[in-house]
Every structure is written in C-alpha cells, then in structure tokens.
Amino acid sequence: MTSAAGTTVDVDVLVVGAGPTGLALGVDLARRGVDALVVERGAEPAPGSRGKGIQPRTMEVLDDLGVLDDIRAAGGAYPVGLIWQNGRPAGERPMFDPAEDGEEGSAFTEPWMVPQWRTQEILHARLTALGGRVAFGREVTALDQDEDGVTVRFAPSQGAGTVRFAPGQGAGTVRFAPNEGAGTVRARYVVAADGGRSAVRRAVGIGMTGAGADGSGVVDPAPILVADALIDGLDRDHWHLFPPDGDTGGFMAVCPLAGTEYFQIVAGFAEGTTVDVSPDGVRKVFAARSHLTADAVTEVNWVSEFRPRAALADRFRSGRVFLAGDAAHIHSPAGGQGLNTSVQDAYNLGWKLGAVLGGEAPATLLDTYEEERRPVAAGMLGLSTKIHRGEARRGRETRQLGLGYRGSSLAAETRTELPDEALRAGDRAPDTAVDGGRLFDVLRGPHWTLLTAGPSLEGPALPGVRTALTGSDGRYGPGLYLIRPDGYVGWAGTDPQELRAYASRVGLSAG
C-alpha cells in the first residue's frame with residue numbers, strides 16, 4: 001500500500017506486544033477492517049497467571065469484542081478468603097466489597113478470574129478468526145518516524161524475510177524488509193504495548209514518573225514471589241491466606257486459579273532478601289509458611305519475582321507512536337487494575353485509529369487518546385497503591401464502571417441545571433431497556449449509537465449510526481444521547497441541530 005506522499009507502508013498499524021493490551025487492540029482494529037500487525041519479541045505468548053482479575057467494566061469491553069462466552073467458560077468467580085493460623089482455619093474474609101445487582105447499569109458486579117495466559121489465548125484466537133496477524137520472535141530495536149509513517153527495525157538475529165500465516169492464523173503474509181541485516185516494517189501508526197520496560201517508549205524518548213519523592217516508582221522495596229503450582233491438601237473453595245509470623249517469615253496467599261487445576265502462590269519477603277525462584281525454592285517457602293510439607297507442591301509451572309512499582313508515562317503519544325498498557329502505566333498488582341486499565345486503553349484507541357484511517361474522522365481525533373486515558377491511568381495508579389498499602393478496599397472504584405471522560409474535549413453536554421446524579425456527556429452509558437430489547441445489545445459492535453429518551457424527541461438521521469428508544473428508568477433523563485463506539489456518551493442534549501454539528505466534528509455526517 002502507498003501513503004498520500006507515495007511512501008510504501010507494510011501495515012496501517014503496527015502493535016508491539018502480544019499481551020492482553022496488544023491483542024485486544026488487534027481484535028478491535030481487525031473488526032474495523034484496519035490492516036494491522038501485532039509483533040511480540042518472545043517466541044511464544046508469555047506464560048503465567050499474572051493479571052488474573054477481570055473487572056466488570058472490562059467484562060463489558062470483552063463482550064463487545066466478541067470473547068465474553070469464552071472468558072466466562074475459562075474462568076470463575078473469586079473465592080472467599082480463608083485465614084490460617086497455626087495450621088488451623090481461623091476465619092473467613094471476603095476479598096472484595098459486595099456490589100448490588102444491576103449496579104451502575106451493568107450485568108457484571110464482581111471481578112471474574114481468568115489466568116492471564118488463558119485470556120491471551122482467547123484474544124489471540126479471536127484475532128486470528130477475524131483475519132488478524134501476530135508475528136512472534138520480533139524484537140524492536142529502533143524506530144524512525146516522519147510525517148507519513150514510522151519505520152520500525154527489529155533485531156538482526158531475527159533477520160529479514162517473510163512471515164507466512166497458515167489458514168486460520170490470519171490472512172496473507174508480512175514482509176520484513178532487509179535493513180543492514182535487520183528486519184524492518186513500515187506503518188502509518190505504531191502502538192507500544194510492550195510492557196513496563198517498553199523498547200518503543202525508550203526509542204521515542206518518553207520518560208516515566210514513579211510514585212514517591214525519589215520518582216523511582218517503587219511502592220514496596222520488599223520482593224514478592226509469584227508462582228503457578230499444583231498443590232495437594234488445599235481445597236479449591238477458598239483463597240488461602242497465611243499471615244506472617246516470626247517463625248515462618250512474610251505473608252503467603254494461595255489462590256485456586258479458576259478454570260485450571262493450578263493454584264497461584266504469592267509470597268512476600270523482607271527487603272534485601274535474595275529470592276530462590278527455582279521449583280525447590282517455591283516448595284521450601286510453601287512448606288515454611290503453611291501447615292503442609294514441600295511435597296504437597298507436586299508441580300511448579302511458572303514462577304517470577306518482582307517488586308511492586310507504580311509509574312506513569314510523561315506522555316502517551318509521540319507523533320505517530322502511542323503508548324498503551326504497561327508501556328504507559330505500571331501498577332502494583334494488589335488492586336487488580338493493571339490489566340483492566342490496559343485493555344481499556346486499547347478500547348479507547350482502537351475506534352479512534354479506525355475512524356481516522358478509514359477517512360471518517362480528522363487526525364485530530366487521535367489527540368483525545370492521551371487527553372482521556374492519562375488522567376484515568378493516574379487515578380487507577382493511585383488507587384492500586386492505596387490498596388497495596390492497606391489504605392483502601394477493593395470495592396466500587398476497582399470495578400471501574402464509574403470511570404468516564406466528562407472533562408474530555410469529546411464530551412459535549414448541552415443541557416443545563418441537571419441534578420447531581422444525572423447522566424452526562426463523558427459518562428459510561430449504562431444498560432437500560434430499549435424498544436425490542438436491551439441497550440447493550442444495540443451498542444455491541446464498532447458503531448456509534450443514538451439513544452432517544454422520551455417520546456417527544458426525534459434525532460437526525462446519521463449514516464452508520466444505530467438508533468434506540470427508551471423510556472425513563474431513572475438512569476437516562478429526557479434527551480438525545482449520542483454514544484461513542486466505546487460505550488461512552490459523546491453528546492447529550494435536546495437540540496437536533498446541535499447534535500448535527502457535533503456529529504460533523506467527529507466524522508459523522510447527517511443524512
């Protein structure tokens with residue numbers, strides 16, 4: 001393909017990183033017909049349970065991306081915590097504050113547990129079913145961008161040549177052109193979804209600011225071990241909690257991983273400890289902190305060590321390069337917010353890239369990605385850090401249903417004198433009954449939706465925009481609501497002429 005300036009490009013969008021962020025973005029772009037390629041430096045998908053908690057808002061996103069049934073089948077609800085002391089059960093503790101059914105107009109009220117490796121498998125399968133492509137073993141070493149696109153270079157050891165995709169694994173081939181021994185790809189836009197040590201972020205010179213006075217981002221200098229293991233002697237109906245004591249060392253939590261036979265072991269250590277991440281090291285820690293022997297750990301499938309950090313990229317964009325997921329923000333895992341905030345980055349950026357590349361919206365639409373997502377990421381980083389330090393509970397905020405973009409330049413609220421609890425432009429559109437069914441069934445897909453609340457109003461015809469009519473259920477006051485492809489209200493009001501003007505600004509022409 002050729003750009004307006006005549007420069008040959010290989011793909012419209014190159015997504016660097018095949019974790020949940022990159023794969024979710026790949027799915028969203030594929031269903032919009034965008035020619036995109038996801039590349040991953042590893043030879044295969046990353047292993048391990050890692051981010052296992054999927055929050056209610058992310059469940060809504062995954063529903064729209066077409067993977068909800070598989071996600072439900074692959075996981076399960078979180079179990080209650082069981083506290084152990086001196087080898088005996090000493091009481092139960094709920095791990096999350098309870099939610100009310102239908103809270104904030106969602107079918108989802110509690111987090112759903114799916115090991116991250118399984119979430120990646122599901123998103124990868126969906127992406128390839130849509131004709132999308134993932135190339136493994138491609139490590140980015142440098143990039144150059146100009147007015148028309150970005151040239152990305154890969155490690156010389158991986159060479160040039162062509163990556164071919166078998167039937168069912170994406171259509172066509174991708175050529176990695178030779179460049180002094182290294183492969184290159186030319187793209188109109190690049191999205192860095194390559195993790196906290198993002199090579200792309202470093203290549204474009206975007207810094208990260210961490211929590212704490214020194215800016216290091218270290219939330220807790222004490223190391224933590226996390227492992228996936230088979231264990232005999234523990235029931236799978238509880239999240240087993242072993243508080244620290246003077247004899248056994250730090251805390252340990254052992255959670256059954258829904259949809260698998262494995263448990264996730266999380267163990268904390270004193271600052272300065274050298275953690276043994278071998279299978280025998282995992283068994284030794286487990287035996288020291290539980291009432292069971294080392295032999296109870298019959299298999300260690302994956303193990304890692306980390307120190308909780310919190311850091312935020314100074315910018316989420318540099319020219320034609322965008323940052324998403326851990327490349328843009330690094331969370332303590334305590335709040336279960338990292339993967340969820342990351343997938344929602346992808347969900348925000350996907351429809352905007354699709355609209356601009358499809359010629360439906362001006363390129364300035366892409367300016368709103370950082371405007372909207374960086375404040376959200378900053379807020380979630382603060383929440384994750386508070387939960388890690390025991391200063392906040394896992395409750396309504398962690399479910400992320402209340403997040404929105406009221407301060408965005410895309411949010412146009414034209415009504416006045418609204419009550420405090422009223423739904424406004426920028427808010428997430430809650431589900432409600434509409435003519436013939438549910439609003440969320442109408443929203444599902446890569447389109448805008450015009451919702452009319454009240455029988456006396458009539459909105460203009462907007463090509464490609466679905467319509468729905470609802471009465472008043474207390475969530476939507478009388479008015480017209482133009483809902484974005486990512487499920488947030490873009491414009492709210494009563495004047496069809498003002499709606500037409502907004503629609504024109506975002507690339508929707510009135511019929």
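Worth knowing before you read on, the calculation uses all heavy atoms, side chains too, and leaves out hydrogens, waters and symmetry mates.
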What distance separates T341 OG1 from R57 CZ, expressed to the nearest 0.5 Å? 12.0 Å
Backbone N or O of G250 within a donor-acceptor pair of the R289 side chain at under 3.5 Å? yes
Derivation and outcome, side chain to side chain contact (heavy atoms under 4.5 Å, CB included), residues F306 and L225: CA-CA 7 Å; F306 68 96; L225 176 147; over 6 Å; no
Apply side chain to side chain donor-acceptor pair (under 3.5 Å) to the pair D144 and T151, showing each step before the final yes or no. CA-CA 5 Å; D144 299 295; T151 300; over 6 Å; no
Just wondering, do I265 and M252 contact through their side chains at under 4.5 Å, heavy atoms? yes
Taking side chain as C-beta onward, heavy atoms only, is S304 less than 4.5 Å from V277? no
Which atom of E305 lies closest to which atom of P223, heavy atoms considered: OE2-CB, 3.5 Å
Can you find a side-chain donor-acceptor pair between S278 and D276 that sits under 3.5 Å? yes
When rounded to the nearest 0.5 Å, the distance separating CD1 of I122 from CG of L68 is 10.0 Å
Inspect the surroundings of CG in D235 and state if more than 12 heavy atoms from other residues, nucleotides or ligands are less than 6.0 Å away. yes
When you measure from the centre of the six-membered ring of W112, is the NZ or CZ of R72 closer than 6.0 Å and no more than 45° off the axis? yes
How far apart are the closest heavy atoms of V343 and T21, and which atoms are they? N-OG1, 4.4 Å
Note, Y347 side chain near D28 side chain (heavy atom, < 4.5 Å): yes
Looking just at side-chain N and O atoms, do S49 and Q264 make a donor-acceptor pair shorter than 3.5 Å? yes
Got a donor-acceptor contact below 3.5 angstrom from the E40 side chain to the G17 backbone? no
Between atom CZ of F440 and atom OG of S106, what is the distance when rounded to the nearest 0.5 Å? 5.5 Å
Compare all side-chain heavy atoms of L23 with those of V134 and state whether any distance is below 4.5 angstrom. yes
Looking only at side-chain N and O atoms, does W302 offer a donor or acceptor that is under 3.5 Å from a partner on D228? no
Of all heavy-atom pairs between F286 and S290, which one has the smallest distance, and what is that distance? O-OG, 2.8 Å
Full working for salt bridge (charged side-chain N to carboxylate O under 4.0 Å, His left out) between D146 and R186: CA-CA 11 Å; D146 51 49; R186 176 78 174 167; 3.0 Å; yes
Could you tell me if the side chain of K52 sits less than 4.5 Å from the side chain of Q116, heavy atoms only? no
For K352, is there an ion pair with D486 - N to carboxylate O distance below 4.0 angstrom? no
How far apart are the C-alpha atoms of L353 and V34, what are their side-chain angles, what is the distance that settles it, and do they pass the side chain to side chain contact (heavy atoms under 4.5 Å, CB included) test? CA-CA 9 Å; L353 282 169; V34 174; 6.0 Å; no
Out of curiosity, Y488 OH to L443 CG, how far, rounded to the nearest 0.5 Å? 12.0 Å
Tell me, with the steps shown, if D345 and H329 meet side chain to side chain donor-acceptor pair (under 3.5 Å). CA-CA 10 Å; D345 288 344; H329 43 80; 2.6 Å; yes
Does atom CG of D314 have more than 12 heavy-atom neighbours from other groups under 6.0 Å away? yes
Please determine if R41 and D194 form a salt bridge, counting it only when a charged side-chain N lies under 4.0 Å from a carboxylate O. no
Taking all atoms of both residues into account, what is the closest heavy-atom pair of Q344 and R373, and its distance? CB-NH2, 3.6 Å
Flag if over 12 foreign heavy atoms under 6.0 Å of CD, E261: no
Output the distance between atom CZ (R317) and atom CD (E371), rounded to the nearest 0.5 Å. 12.0 Å
Is R201 reaching over with its side chain to a backbone N or O of A327, donor-acceptor style, under 3.5 angstrom? yes
May I ask you to establish whether R428 and Y405 are in a cation-pi arrangement, using a distance under 6.0 Å from NZ or CZ to the six-membered ring centre and at most 45° from the ring axis? no
How are the rings of H240 and F263 set relative to one another: parallel (under 30°), tilted (30 to 60°) or perpendicular (over 60°)? tilted
Are the side chains of R126 and L65 in contact, using a 4.5 Å heavy-atom criterion? no
Which atoms form the tightest heavy-atom contact between V38 and G26, and what is the distance? CG2-CA, 4.3 Å
On the six-membered ring of F322, is R188 placed so that its NZ or CZ lies under 6.0 angstrom from the centre and within 45° of the ring axis? no
Between R374 and E372 (salt bridge meaning N to carboxylate O under 4.0 Å), is one present in this structure? no
Taking Y262's backbone N and O only, do any of them form a donor-acceptor pair with T260's side chain (distance below 3.5 Å, no angle check)? yes
Go through it in stages, so that I can follow the logic: the residues are S342 and D326, the test is side chain to side chain contact (heavy atoms under 4.5 Å, CB included), and I'd like the CA-CA distance, side-chain angles, deciding distance and then a yes or no. CA-CA 7 Å; S342 300; D326 288 354; 3.9 Å; yes
Please determine whether side chain to side chain contact (heavy atoms under 4.5 Å, CB included) holds for the pair V67 and D69, giving the CA-CA distance in whole Å, both sets of side-chain angles, and the decisive distance to 0.1 Å. CA-CA 6 Å; V67 297; D69 289 345; over 6 Å; no
Decide salt bridge (charged side-chain N to carboxylate O under 4.0 Å, His left out) for R32 and D12; before the verdict, give the C-alpha distance in whole Å, the side-chain angles of both, and the deciding distance to 0.1 Å. CA-CA 12 Å; R32 297 175 189 280; D12 284 329; over 6 Å; no
Does any part of the side chain of V16, heavy atoms only, come nearer than 4.5 Å to the side chain of V191, both counted from C-beta? no
Using atom types as modelled and distance alone, determine if a side-chain donor or acceptor of T128 lies under 3.5 Å from a backbone N or O of H124. yes
Find out whether I231 and T298 are in side-chain contact, i.e. whether some heavy atom of one side chain is under 4.5 Å from a heavy atom of the other. no
Mind listing the closest non-hydrogen atom pair of L365 and T368 along with its distance? O-OG1, 2.7 Å
List the steps, then state whether side chain to side chain donor-acceptor pair (under 3.5 Å) holds for H291 with W84. CA-CA 9 Å; H291 55 283; W84 290 85; 5.4 Å; no
Rounded distance [0.5 Å steps], CD in E60 versus CG in L401: 5.5 Å
Is there a donor-acceptor pair closer than 3.5 Å between any side-chain N or O of D427 and the backbone N or O of G404? no
For R31, is there an ion pair with D64 - N to carboxylate O distance below 4.0 angstrom? yes
